[in-house]
Each structure stands twice: as structure tokens, then as C-alpha cells.
2 protein chains.
Amino acid sequence: MVERGGSGVPGGRRKQRVSMADVAKLAGVSSQTVSRVSNGHPGVIASTREQVLAAMRELGYRPNSAARALRYGQFNTIGVILFSLSSTGNSRTVEAIATHAAAEGYAITLIPIDVPTQDNVLGAFTRMGELAVDAVVVIMEVHLLDTGTVQLPPGVHVVVVDSDAGDRYCVVDTDQADGARKAVRHLLDLGHETVWHVTGPESSYAGQRRTQAWRTELQEAGRPVPPLLHGDWSAESGYAAGLALADRPDCTAVFTANDQMALGVLRAFHERGVAVPEDISVVGFDDIPDAAYFVPPLTTVHQDFAEVGRRCVEKALQQIRGAGGVPAGTDLVPTSLVVRGSTGSPRR
Amino acid sequence: MVERGGSGVPGGRRKQRVSMADVAKLAGVSSQTVSRVSNGHPGVIASTREQVLAAMRELGYRPNSAARALRYGQFNTIGVILFSLSSTGNSRTVEAIATHAAAEGYAITLIPIDVPTQDNVLGAFTRMGELAVDAVVVIMEVHLLDTGTVQLPPGVHVVVVDSDAGDRYCVVDTDQADGARKAVRHLLDLGHETVWHVTGPESSYAGQRRTQAWRTELQEAGRPVPPLLHGDWSAESGYAAGLALADRPDCTAVFTANDQMALGVLRAFHERGVAVPEDISVVGFDDIPDAAYFVPPLTTVHQDFAEVGRRCVEKALQQIRGAGGVPAGTDLVPTSLVVRGSTGSPRR
DNA sequence: CCACGCGATGTTTACGTAAACATGGACTGC
DNA sequence: GCAGTCCATGTTTACGTAAACATCGCGTGG
């Protein structure tokens, strides 16, 4: 008796997974019929279908996606390139991308770049080029990419987050400028003469835009523009900035470029005996879940990361499914200001 | 004249990507030679190699990974199934997995499950079964999986995080019990009579083990075991627990099952005028980056998520590369206690 | 009553790659 | 000087799937 799979040894190594041919043999039909059953195509009589399904069950058949991808010319997968999942924004955006992609039958492949050197980015893209991916979402400033000879793989569709490349790529992003303006306006409306600002790292385009909008809003209101305090998104950098600000009697309001830095600022103020919001008001950016439980609860600009992720998937699928026209342009997701306990009118 | 790929129109739609055959034709060699050059095999003379490389460059050739996967029978991809990326632990673990996988030439595919119903989990696994994946890392309690007829796809290697399934699967996890014991011991050593506890959600095995270790440690020390306060990882639930604890004069020390809930507790205490650590000491779990900037800085149990991720990849690759022996068992990553400002001796 | 049509199923082929085998020319050793 | 060898390269084939085309049998209308 010949044992299926050539496994003369019972329970021996079966390196090969079961294929349609195996199922077909067991069910006594052709592999094409198995294919039809597997894909739910019509034109298979009920009894035959049952037979095939039984054979599939018995053998534990699962379609080979590599063969499928080869046959169809696509992978049903979207790649995501990013620096870090550590930041709240990135991980929430990725999660939303994954969720919406899954709903459309797409999986997502993550390509992290630990150190943002040109080489690593290039490497990731080269690798990505060979990757089983129909489209790529890039969560980072693309000027890191196209300074030199680096080219996005020509055949792959691209959506970019956190970038000003709207002229060349399809960009989705939070409306950073609008959010920052709302923060500044809120503080000015409360009666503050001006607003100090703790920035994000210079490498972040999102950070740059928040800073720029902060400056513009102050200038348009005819207010003095205080010197920048440079941060790097971390609570630690916020803490350092907070210590510096606590010593300035002329500071009554601070806008930090994210919530974590706001946390550091709050702690510095607390240590120095600066009361928030009585002495100084603080506004953050992001609205991380914890922000409502800072001491005091943080007034901040809410970002809709889920919506950003959703639109990324939407654009990616448009490009994949659409004939080929690349809809470059920037799609901005609105923000909202969440007023909590860290802001108030200046004591004067 | 027959036009290849119908590319009679310059710049027209080229749905087909360039294949080895295209490169071969342009370079005037066979496709096998192109293959050899592409894979860096020896036995190709320099001049020929140059010619092929030039043709590749000209056509923008990139290997088709689907065909490769089909040929080789593997995908060089590891799947990751999880509920949520929102929790610090998960996203950091995933990041570590992605980084280490990348270093080994593997990409990772993310399968999120938005709502942890049996159906969704089953669906994810069914889908995963068809997915182009050589191994799967499951970041969740597996009892959600194998209660019913749900079976992990037999051909796919599995590593589980956050589970007690060490008898059946290959499990990697933080040594939760040890961490919790360290937290409790630290507080007892400071002179506290006993330690209260705010739990994680009951669905979390990690949470269960922390709670269990907390109870064991108290019992072994012959201390009374206070009633549990139930949380769900969120700062909000910690806040609620904190309000309850603030009213208990017999409470001098709290161990919260994560840092976010500790944040909520701290805020509740601050609101109620309870001084930390003078009136009540607080210890968290995770050591999120922000913990050092809480008010006061949080004493907490540090988890090495990066190491967890690294070991997941290691185990997965062992299974993929190893003949087939499945090394079931639990691999625990040690924790360390980080003492900051939120703990001190009881005032008495 | 036969041809035609249609529905169910089988057969061929192509997707892109790379191992295995084949070829053919140059060089070596005796 | 000729057989043996080895090296560079070409040819064949298989991986698993599914579209396109082929076949076969049965029912029906003219």
C-alpha cells in the first residue's frame, strides 16, 4: 500500500503541506473542481462540493497564498514603514490601519526602522521592494528618503503620513496647524498675553507644523513671540523645559507639542511650586488616554488617529484598485480642542 | 508583430512587473543566469554579471516574492495576532518582534482582533491559516482559543505571550509573579503592615498572575490580605480605585497592576489630599517611560518588553528552522524593581 | 428524433523563480 | 594530440493555483 505523501515512515516528516492535488485525489475529482469549491465559485453540484469539503477537512487543506499571489499578481497586503511604535500616535495609527485593512481583506506587514539613517531607510525600501506588498504606508517625513538617489519602488503605491510631500505623494495627516492654532487661540482667549512653546524634535514635520502654526497665530494676533524651548517628545525633555519656564515670571501659558512633554512640564512646575493653571496654563497635543488623569487634567488637542489610519487604507486601496492614476495631494483630518483643568485665565 | 505585455503604447499601463525573463532578454542571457546574479550565486563571469545588473537597473527589476515563496515553500514572514496595540506592553513587544525579525530577514504581519469574541479570534486564525506566514506569535491568553473546536492551524508554528499554556505551546512572557512579589516585598520591607492591590481585567492572565503573586507574598509574610479593587488597566479605573482607597485610613500602601492605573490612583490621592508617599505609598507595574515623570515619580516594576520580543522571534525561528520538534514550555523574562519617589516608610 | 445548448467537470496553460540536469568550449595532463 | 575535467551558461521542470478552453452527458425544442 502506498502511503500518501510518500511518507514511508508513519508520522514522518511531511514537509509539504497538502495541495489541491491531494484534496482532488482523495475526493476523486480534478484539482480545478477543488479550486472552484475553495473559491466559492458556482457550477459545482452540491454532492460534489460536499465530497470536496469533506476531503479538505480530512486533510486539513489550506490554500497556499504564495501560489495565489503568484497567480493573481497581488498579495492582499499593505506594508507599513515607520521608525517607532513607541509613540502613542504611531501605534494607534498602525492599529487603525491594521483594523481597516483587515476589514477589506488585507493584512499589513510592518517594517520598522530602528535608527533613522539614510542607509536604514533605503535598506527598508529595498527590502520592501521585494516584499509581498501591494501598497506601502510610510509613517515619517519623506525628505529622509528622496534626498539622494533613493526612490520609492516605482511599481508600489504609496501613502505618506507626517509629511509635506503632498505635491508628489498621496498624503494623509492630522491637521497639525489647525490643532496648534486652536491651542494658542484658546490660551489667548483666556486672556494670556502670549504663549510659550515647547517643540518636538526638528526631524518631525508634524512638530515643525505645530511650531509654525503657533508662531503664525501669535503674530496674527499681534502678540510677542517668545523664544522656543526645544523638546524631543519625551517627558524628560518637557521636564527640562518646565524647569526653565518655571523661573520666568513673564510666562503665564505654555503650549507643548505633545502630551508627554506636557507631563514633564507639569511635574517641573509642581516641583517648583508653580500652580497650574493659576500661575501658568498648559496645553498639550495628542490627547492620550492618560491626559485626563494628569495633575491637573490636561487641556489638549485631540488627534483622531483612527481616522488617519482609516483614510490611509482608503487611499491605498484606491490606488491598488484604481486604474493607475495617482491622486497626489494632502488629506487633512481635523482636530478638536479638549478643555480640561490645566488652563485658566491668568492671575494677573 | 506581437507586442509583449501589450506595451505598444509608451508609458501605457504595464500591469505586469518586469520578470527575470525580461531582464534575460535585454541582457541577452538565459533567465537562469539572471537568477544566479540575483541571488549572488557564484559561477557567473564578471562581464556577464555586469550586463545582467545593468539590465536589471534599466528595467527596474525586483524579484517577485510570491514566486520565491512558492518555490521555496516559505514566506520569511512571522504573523502576530493581538487584541490591541494601544497598551504600552503590546506595542513595545510588537516593535521588538518586528525589529528582531527584520534582523533575521523576516517581515511581520499584524493581525489585530478588535473585539475579543470567540468568533473573531477564530476568524483571525482561519485567515491566518491562509496567510503567508511561517510562524505565529499570539499575544493573548489562549484559553480564548481552544475552548471549543478551535484549533491552531496544524502546520503553523506558534509562540504564545501572556498565557499559561506552557504545557502545550511554546510560551514566552515576563515573569509576572516575580515582579509582583518584588513590589509587595519592597513595600513590606519599608514597614507597611500590608499592601492593597488594584487588579487588571480578569481576562488578562498577566493580571491574574500579578494578583496571585501579591496574595501569596502577603500570606507567606503572615500579613492580612485586603479586599481586591478591580481595575481594567485604564487610568480611569485606577482613579476610581484611588478614590475608594483614599477614604480608608487603614491603607498605607497600594500595588497597582500597571502604571496607568497608578496614574489614576495618584490623581485621586492628590484630589483627596492624600500625600504620596507620606500617607500612602504606590507601586506600579510596567515602567512606562512617563512613570518617571508622574507626581511623584513612580516606583514600579520594570518589564523588559524588548527581551520578550526578542525571545519570541528566537523561539519562532527555532521552530521554523528546527526539524519539527516543538519545544513547549514557558520562558520567563525577569523583571526589576525601579524605586522612585512614590514609596516610603509609613508615617505611623 | 436529432441537433443544440447548457451545466458539470476535466485538461491545458501560465504566473516567476530556482534546483537539477544538460551542453559546449577551453584547458590540462600524459 | 586526445581524453578527461571543469567552468560558464542554457534547458527542463516543478512549486500550487486558477483562468481559459475542452469535453461529456442530459434535457429540450423543432
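Keep in mind that what you see is a predicted model, and the values were worked out from it rather than measured. Chain A is the first sequence line, chain B the second, and so forth, proteins listed ahead of strands; every chain is numbered from 1.
- A:Asn76 has its CG atom 12 Å from the P atom of D:dA18, to the nearest Å.
- Atom CD1 in A:Ile45 sits roughly 14 Å away from atom C1' in D:dC24 (whole-Å rounding).
- Summarising the geometry, the separation between CZ on A:Arg68 and C1' on D:dC15 is reported as 16 Å, rounded to the nearest angstrom.
- Between B:Tyr72 atom OH and D:dC15 atom C1' there is a gap of 12 Å when expressed in whole angstrom units.
- Checking D:dT17, D:dT11, C:dT17 against every side-chain atom of A:Tyr61, the shortest atom distance belongs to D:dT17.
- The B:Asn39 side chain lies nearest to C:dA18 when the options are D:dT9, C:dT9, C:dA18.
- Between A:Met56 atom CE and D:dT17 atom C1' the separation is 12 Å, expressed in whole Å.
- Comment: B:Arg311 does not engage B:Glu314 in a salt bridge, judged by the lack of any side-chain N to carboxylate O separation of less than 4.0 angstrom.
- Comparing D:dG16, C:dA8, C:dT17 by their closest approach to the side chain of B:Leu70 singles out D:dG16.
- One finds no salt bridge joining A:Glu95 and A:Arg92 here, because no Lys/Arg side-chain nitrogen approaches an Asp/Glu carboxylate oxygen to under 4.0 Å.
- When the nucleotides C:dG10, C:dC15, D:dT9 are ranked by their closest atom to the side chain of A:Arg71, C:dC15 comes out on top.
- Side-chain atoms of B:Pro63 lie closest to C:dT17 of the nucleotides C:dC15, D:dT17, C:dT17.
- Residue A:Thr33 places its side chain closer to C:dG10 than to any other of C:dA18, C:dG10, D:dT9.
- Atoms CD (A:Gln32) and C1' (C:dT11) sit 9 Å apart, rounded to a whole Å.
- In this structure, B:Thr48 reaches the sugar-phosphate backbone alone: every heavy-atom distance under 4.0 Å involves primed, P, OP1 or OP2 atoms, never a base.
- At whole-Å resolution of the value, CZ in A:Phe75 and P in D:dG16 are 18 Å apart.
- The existence of a salt bridge linking A:Arg57 and A:Glu50 is confirmed by a sub-4.0 Å separation between a basic side-chain nitrogen and an acidic carboxylate oxygen.
- For B:Arg36, whose side chain is taken as the heavy atoms from C-beta onward, the closest listed nucleotide among D:dT9, C:dA18, D:dA18 is D:dT9.
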